[in-house]
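Notes for the one structure printed next.
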Amino acid sequence: MKSRYLIMGVVLILAGFSTQALAKSDPAFLTEAIQINLAEISVGDLAQKNGGSDDVKSFGKMLVDDHTASNTKATSLAQANGVTPPTEPKAADKQKHDELAKLSGADFDREFAKAMVKGHEEAISKFEAASKGDDDIAKFAQETLPTLQKHLKTAQTLESSKRVQGEPPAASEATKPKSEMAPAGAAKTEAAPSAETKKEASETKNAEMAAVPSDAVGVNDYYKQNVYDTSNNTVGEVSDLLLDKSGRVKAVILSVGGFLGLGGKYVSVPFNALQVTEKNGKRYLVMDTTKEALTSAPGYRYDSTTGKWVPEKA
């Protein structure tokens, strides 16, 4: 009988050790967390200098303040766990910082907001994974998540407003060729349409505007959506849709690689390479490719001067 209780006790002890092992976080996460903080502090400083709006400058200060506080905790934890704290962001993040440093005003605001949305989504995913344990590292991740979520919400608001501000204006008299514009004060030579003609034209136009194809897919089902491979792995995110002169979508700009919205690259893929699938009532974009294939594809950058995507310089 004593032997039986002894065996049960050993089993329980081993089970306890197993639970502790599963609950222990990976100290290497602290290195990544510190690099995230350093990247955000750096880009936050830049936003305060190069930002064109008070909202962007204010968000930059928030990033510096919050990530400085977070970095103090992460550095202490790293030292306590025998991890040498890094002193600078990842090389790819530094490179992206340098690219953003070349922009200012509205151009900076737009690219900064886009980077912060993508970056904080990725950061939250990593912190959520690290928060599953019950040790000091997991508790640090748990305590930091609300701040990252607050940053994401702010970045999404900024991204939405800056994207709208950065969109080209709708066609108007100001954008028509001069040959199509009537000179100021010129008398109209065409007879004004009758009230009945105006009514018929308005009704026809309204009917055309109301006609929505049954198989139509909204732009929101593409823009800023993740793209998955056939094995359900994320391979990129839609950053832009490119139309030809007739208004048909011909190509898609995907953001691939990178971390925290920095250090990635933009590649162009044919629009028909993306397939919309539905699962559990939600739509997903799927592409028969791999992340490695996209990462090795030719890169593009957005030229704010011409408003076009151009090949990256070698």
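Because the structure is predicted, anything quoted here is derived from the model rather than measured. The first residue in the sequence is number 1, and the count goes up from there.
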Short question: side chain of S296, backbone of A293 - any donor-acceptor pair under 3.5 Å? yes
Specify the closest pair of heavy atoms between N50 and L103, including all atoms of both residues, with the distance to one decimal. ND2-O, 2.9 Å
State the CG-CG distance between L100 and D107, to the nearest 0.5 angstrom. 11.0 Å
Test side-chain contact (heavy atoms from CB on, under 4.5 Å) applied to Y300 - qualifying residues, sequence neighbours left out: S268, W309, P311
Give a yes or no answer on whether the side chain of D26 reaches the backbone of A28 with a donor-acceptor pair at less than 3.5 Å. yes
Quick one, E88 and Q35 - any side-chain contact, counting heavy atoms below 4.5 Å? no
I'd like to know if the side chain of K57 and the backbone of Q48 have a donor-acceptor N/O pair within less than 3.5 Å. yes
Check the pair L242 / D240 against side chain to side chain contact (heavy atoms under 4.5 Å, CB included), numbers first and verdict last. CA-CA 7 Å; L242 306 183; D240 206 351; 4.1 Å; yes
Any donor-acceptor N/O pair, N226 side chain to T234 backbone, under 3.5 Å: no
Would you say I253 and V310 are hydrophobically clustered, going by side-chain heavy atoms of ILVMFWY under 4.5 Å? no
Under the 3.5 angstrom rule, does the side chain of K250 hit a backbone N or O of L243 as a donor-acceptor pair? no
Rounded to the nearest 0.5 Å, what's the gap from CD on Q79 to CG on L30? Could you check? 10.5 Å
Is a donor on one side and an acceptor on the other found under 3.5 Å between the side chain of K265 and the backbone of T295? yes
Please determine whether residues L148 and L77 belong to a single hydrophobic cluster, defined as Ile, Leu, Val, Met, Phe, Trp and Tyr linked transitively by side-chain heavy-atom distances below 4.5 Å. yes
In chain order, what residues pass the ring-ring contact (aromatic ring centres under 6.0 Å, His included) check against F112, with sequence neighbours excluded? F59, F108
Derivation of the side chain to side chain contact (heavy atoms under 4.5 Å, CB included) call for H120 and Q156: CA-CA 10 Å; H120 280 87; Q156 287 172 331; over 6 Å; no
Is it the case that one hydrophobic cluster holds both V269 and F271, taking links as side-chain heavy atoms less than 4.5 Å apart, direct or via other members? yes
Take a 6.0 Å sphere around CG of D98 and say whether it holds more than 12 heavy atoms from other residues, nucleotides or ligands. yes
Tell me, please, which residues at least two apart from A141 pass side-chain contact (heavy atoms from CB on, under 4.5 Å). F29, F127, A130, S131
Might you point out which heavy atoms bring A123 and I36 nearest each other, and give the distance in Å? CB-CD1, 4.5 Å
Quick one: does D93's side chain have a donor or acceptor within less than 3.5 Å of a partner on A39's backbone? no
Please determine if K90 and E32 form a salt bridge, counting it only when a charged side-chain N lies under 4.0 Å from a carboxylate O. yes
As an exercise, state the distance from NZ of K114 to CD of E159, rounded to the nearest 0.5 Å. 7.5 Å
If I take atom CD from residue E143 and atom CG from residue D136, how far apart are they, to the nearest 0.5 angstrom? 9.0 Å
If every non-hydrogen atom of N81 is compared with every non-hydrogen atom of P27, which pair is closest and at what distance? CB-CB, 4.5 Å
Student check: side-chain heavy atoms of V252 and L274 closer than 4.5 Å: yes
Among the clusters formed by ILVMFWY side chains lying less than 4.5 Å apart, do L241 and V286 turn up in the same one? no
Any idea which heavy atoms bring A138 and D135 closest together, and the distance? N-OD1, 3.0 Å
Does S161 reach the main-chain N or O of L158 with its side chain, forming a donor-acceptor pair under 3.5 Å? yes
Is L38 isolated, or which residues cluster with it under the ILVMFWY side-chain rule of less than 4.5 Å, directly or via members? I34
Please tabulate, for the side chains in residues 60-69, all donor-acceptor contacts under 3.5 angstrom to protein atoms that are two or more places apart in sequence or on a different chain.
{"from": "K61", "atom 1": "NZ", "to": "D65", "atom 2": "OD2", "distance (Å)": "2.8"}
{"from": "D66", "atom 1": "OD2", "to": "K150", "atom 2": "NZ", "distance (Å)": "3.2"}
{"from": "D66", "atom 1": "OD2", "to": "H151", "atom 2": "NE2", "distance (Å)": "2.8"}
{"from": "H67", "atom 1": "ND1", "to": "N37", "atom 2": "OD1", "distance (Å)": "2.8"}
{"from": "H67", "atom 1": "NE2", "to": "H151", "atom 2": "ND1", "distance (Å)": "3.4"}
{"from": "T68", "atom 1": "OG1", "to": "V64", "atom 2": "O", "distance (Å)": "2.5"}

Should the pair E122-K118 be classified as a salt bridge under the 4.0 Å nitrogen-to-oxygen rule? yes
Does V83 form a side chain to side chain contact (heavy atoms under 4.5 Å, CB included) with T31? I'd like the steps, not just the answer. CA-CA 7 Å; V83 176; T31 297; 3.4 Å; yes
Which atom names give the shortest non-hydrogen contact between L254 and M287, and what distance separates them? CD1-SD, 4.2 Å
Spacing of CG belonging to L285 relative to CD belonging to E237, to within rounding of 0.5 Å: 10.5 Å
E121 CD to L152 CG distance, which is reported to the nearest 0.5 Å: 5.5 Å
Excluding sequence neighbours, so at least two apart, what forms side-chain hydrogen bond (donor to acceptor under 3.5 Å, both in side chains) with N233? D229
